[in-house]
Amino acid sequence: MNAPYDGDRGQGAGGAASPGGPPVPPGAGQDGPVPPDPYLQHAYEDDPYRAQDLTAQDPVGEALYDRAAHPPPPPGTYQEPAPLYQQPPAAPYAPDPRIWAQTPPPEPAGPSRHLPYGDRPATTQFVGVDALVTQASDDRQEPDAFAHLFRDQEGSGKPPVPPQPEPAPAPAPAKGGGKVSGLLKSSAVMAAGTLVSRLTGFVRSLVITAALGAAMLGDSFTIAYTLPTMIYILTVGGGLNSVFVPQLVRAMKDDKDGGEAFANRLLTLVMVALGLIVAAAVLVAPVLIQLMSNTIADDVAANSVAVTFARYCLPTIFFMGVHVVMGQILNARGKFGAMMWTPVLNNIVMIITFGLFIWVYGTSAESRMGVDTIPPEGIRLLGIGTLLGLVVQSLAMIPYLRETGFRFRPRFDWKGHGLGKTVKLAKWTVLFVLANQAGVLVVTQLATAAGKLSGKDGTGFLAYSNAQLIWGMPQAIITVSVMAALLPRISRAAHDNDPGAVRDDISQGLRNSAVAIVPVAFTFLALGLPMCTLLYASSGAEAARSMGFILMAFALGLIPYSVQYVVLRGFYAYEDTRTPFYNTVIVAAVNAAASALCYVVLPARWAVVGMAFSYGLAYAVGVGVAWRRLSKRLGGDLDGAHIVRTYARLCMAAVPAALVGGAVGFGILEFVGTGALGSLAALICGGVLLLGIFFVAAKKMRIEEVNGLVGMVRGRLGR
């Protein structure tokens with residue numbers, strides 16, 4: 001390979017090369033030494049190639065470097081190199097002046113910190129264009145070509161000024177890591193807290209279903225428990241997260257008191273507003289239950305139970321808002337773990353509460369308790385426990401606040417500090433939430449009505465919510481984790497007006513998440529029945545089977561749901577919140593219309609199953625609309641052919657796997673039964689066969705994303 005031109009060693013720098021003899025040393029001529037030309041001697045002093053491997057320079061190849069062919073490793077798989085993979089030690093001897101491109105020591109075999117993508121270290125090194133881009137913002141002192149004239153005039157008749165000694169370098173900090181290690185540590189703490197919170201929330205739903213069943217009593221509690229969250233998001237939650245929190249962070253950076261006064265004003269304002277909202281909501285609780293479900297409101301016993309549960313649950317609105325504000329104050333002060341871990345306390349309190357209810361009254365399958373037979377003491381126990389969970393979650397933030405030095409002092413001087421102007425900024429966020437909750441409201445009404453009409457357990461709103469909770473966990477764990485690592489890159493690329501980089505990162509996020517999302521979706525389709533009969537066996541065999549069918553209807557909708565999440569990150573990277581709002585309106589409208597059609601056309605026993613399928617259908621329509629808009633935003637190219645080919649090949653590998661795994665699972669259920677033993681055997685045998693066939697088929701089809709995942713796992717296992 002030809003080495004790049006180096007001005008310091010060419011003729012312009014004083015050197016000359018004879019055609020048949022050795023090179024003439026710089027500064028030597030035919031008549032003796034020639035002084036170096038001051039105009040050229042520093043021309044290439046800041047050459048970025050000088051410290052690089054001069055035998056590996058290929059500016060043309062680097063300009064055409066294909067980023068999509070060398071994707072970065074999946075999030076969380078790349079570790080900092082061991083000391084073995086540091087830069088090779090410097091040569092003990094000075095470079096030979098007769099050779100102007102020294103051969104560097106070889107890089108160690110395997111990935112290094114310069115080559116994290118698995119390229120061959122002996123032949124590849126990322127330098128040149130990348131180095132120029134990454135060093136473009138560095139402030140470098142450019143040499144002055146005319147400085148020698150000033151020095152010549154200044155030096156006449158004056159003694160030379162001795163050079164000033166350079167100041168000693170600042171001592172290195174005692175603790176290493178810096179911002180990067182702190183960010184990684186904070187991200188790990190938050191991810192772990194989110195995962196544990198999701199898992200304990202799933203256990204909470206299992207215990208609630210075991211205690212109250214999946215009939216009218218379970219639907220009544222679920223609606224009362226969902227109501228505070230809907231009211232909080234509709235009134236304060238959306239604007240609080242999108243508008244007030246950024247202002248809080250800005251005040252903590254700019255104000256002289258570290259934003260403490262602004263935080264006290266904001267916390268006081270939120271507490272007053274939420275207190276008024278809670279008081280009004282408790283008074284009109286019967287009206288709110290009517291809005292949520294006419295079916296429950298028209299049943300005297302169910303309405304009484306739902307209103308009583310709601311009046312215990314509605315005060316949690318206050319503690320939700322206080323918890324969010326306290327958590328954002330901690331985040332602005334660099335404390336990220338408390339906000340993610342304290343919801344675990346809420347889940348634990350509720351698990352203990354419903355566990356006590358089961359200990360006293362038995363499970364729903366044993367007691368056959370309904371809205372007519374549940375005792376007032378049982379309602380009081382569940383209501384107080386639900387409220388206590390949010391109280392504990394909020395109070396647990398106070399020690400962390402005191403540790404950071406924050407002291408809450410109520411402040412009512414709200415005028416003149418910018419709090420009123422921020423309401424206008426939350427317009428699109430509030431509309432987004434309204435559109436989303438409108439669709440949820442329609443499904444709630446229809447699901448509770450279908451559950452009562454069918455007369456069977458597991459065909460109402462609680463069954464729909466439980467199946468949706470299982471279905472959404474892979475999205476929350478897999479897709480969100482993948483995009484958490486890519487979002488900073490997408491935002492930087494959008495800020496730099498680099499649509500090609502945004503396209504590549506979104507394509508990578510879609511393809512990497514699809515490796516896990518597609519087989520999981522087909523697993524829900526094939527094994528949703530034994531999965532629910534195992535998890536919800538305590539609510540009765542009939543209810544568990546019904547929830548299994550609902551989960552199977554949800555299953556394939558996980559694919560467009562995950563794609564929608566990734567595609568919308570592209571709009572958020574460009575700070576566009578209006579397009580996601582319009583997209584949410586389309587999704588909510590399609591979901592509501594299709595759910596209403598299922599309620600009218602299908603038998604009541606299968607109406608909620610059809611609503612679950614409608615949810616995925618709505619997101620498929622939303623993906624089509626969002627894809628076109630983002631593709632237009634990025635210049636008409638969203639790497640669609642590559643992405644569609646990857647998803648199609650993954651589905652082709654998953655279809656035979658799902659057929660075999662599902663057939664084995666259903667066969668075991670028919671032979672052994674739907675009890676705990678039969679469901680566990682069906683889930684294990686069917687799941688092992690499904691995943692095994694999928695990965696064998698994907699490997700035979702040479703799907704590069706699956707091969708990369710297998711290689712990563714084998715590397716982790718040391719094979």
Please say which of Val443, Ile223, Val608, Thr222 ends up in a side-chain contact (heavy atoms from CB on, under 4.5 Å) with Thr448. Ile223
Parallel under 30°, tilted from 30 to 60°, perpendicular over 60°: which one fits the rings of Tyr225 and Phe221? parallel
Parallel, tilted or perpendicular: which fits the ring planes of Tyr615 and Tyr561, with parallel below 30° and perpendicular above 60°? tilted
Which distance, rounded to the nearest 0.5 Å, do you find between the [atom1] of [X] and the [atom2] of [Y]?
{"X": "Ser546", "Y": "Asn466", "atom1": "OG", "atom2": "CG", "value": "12.0 Å"}
{"X": "Met611", "Y": "Leu597", "atom1": "CE", "atom2": "CG", "value": "10.5 Å"}
{"X": "Asn294", "Y": "Gln445", "atom1": "CG", "atom2": "CD", "value": "4.5 Å"}
{"X": "Leu199", "Y": "Asn347", "atom1": "CG", "atom2": "CG", "value": "10.0 Å"}

Applying side chain to side chain donor-acceptor pair (under 3.5 Å), which residue pairs with at least one partner in residues 522-532 are found, sequence neighbours left out? none
I need the full list of side chain to side chain donor-acceptor pair (under 3.5 Å) pairs touching residues 313-327, with sequence neighbours left out, sorted by first then second residue. His323-Thr342, His323-Gln393
Under 3.5 Å: donor-acceptor pair, side chain of [X], backbone of [Y]:
{"X": "Ser205", "Y": "Phe202", "result": "yes"}
{"X": "Thr373", "Y": "Met369", "result": "no"}
{"X": "Ser679", "Y": "Ala676", "result": "no"}
{"X": "Asp219", "Y": "Leu462", "result": "yes"}
{"X": "Ser304", "Y": "Ala301", "result": "no"}

So which heavy atom on Leu283 is nearest to which on Arg311, and how close? O-NH2, 4.0 Å
Close aromatic pair by centroid cut-off 6.0 Å: Tyr464 and Phe554: yes
Within residues 440-460 or reaching into it, pairs that qualify as salt bridge (Lys or Arg N to Asp or Glu O under 4.0 Å) - sequence neighbours excluded: Asp299-Lys452, Arg368-Asp457, Lys456-Glu542
Within a 6.0 Å radius of atom [atom1] on [X], are there more than 12 heavy atoms belonging to other residues, nucleotides or ligands?
{"X": "Arg545", "atom1": "CZ", "answer": "no"}
{"X": "Leu677", "atom1": "CG", "answer": "no"}
{"X": "Phe613", "atom1": "CZ", "answer": "no"}
{"X": "Glu377", "atom1": "CD", "answer": "yes"}

Using the side chain to side chain contact (heavy atoms under 4.5 Å, CB included) rule, take Val520 and Trp471 through it: C-alpha gap first, then chi angles, then the decisive distance, then the call. CA-CA 9 Å; Val520 168; Trp471 173 79; over 6 Å; no
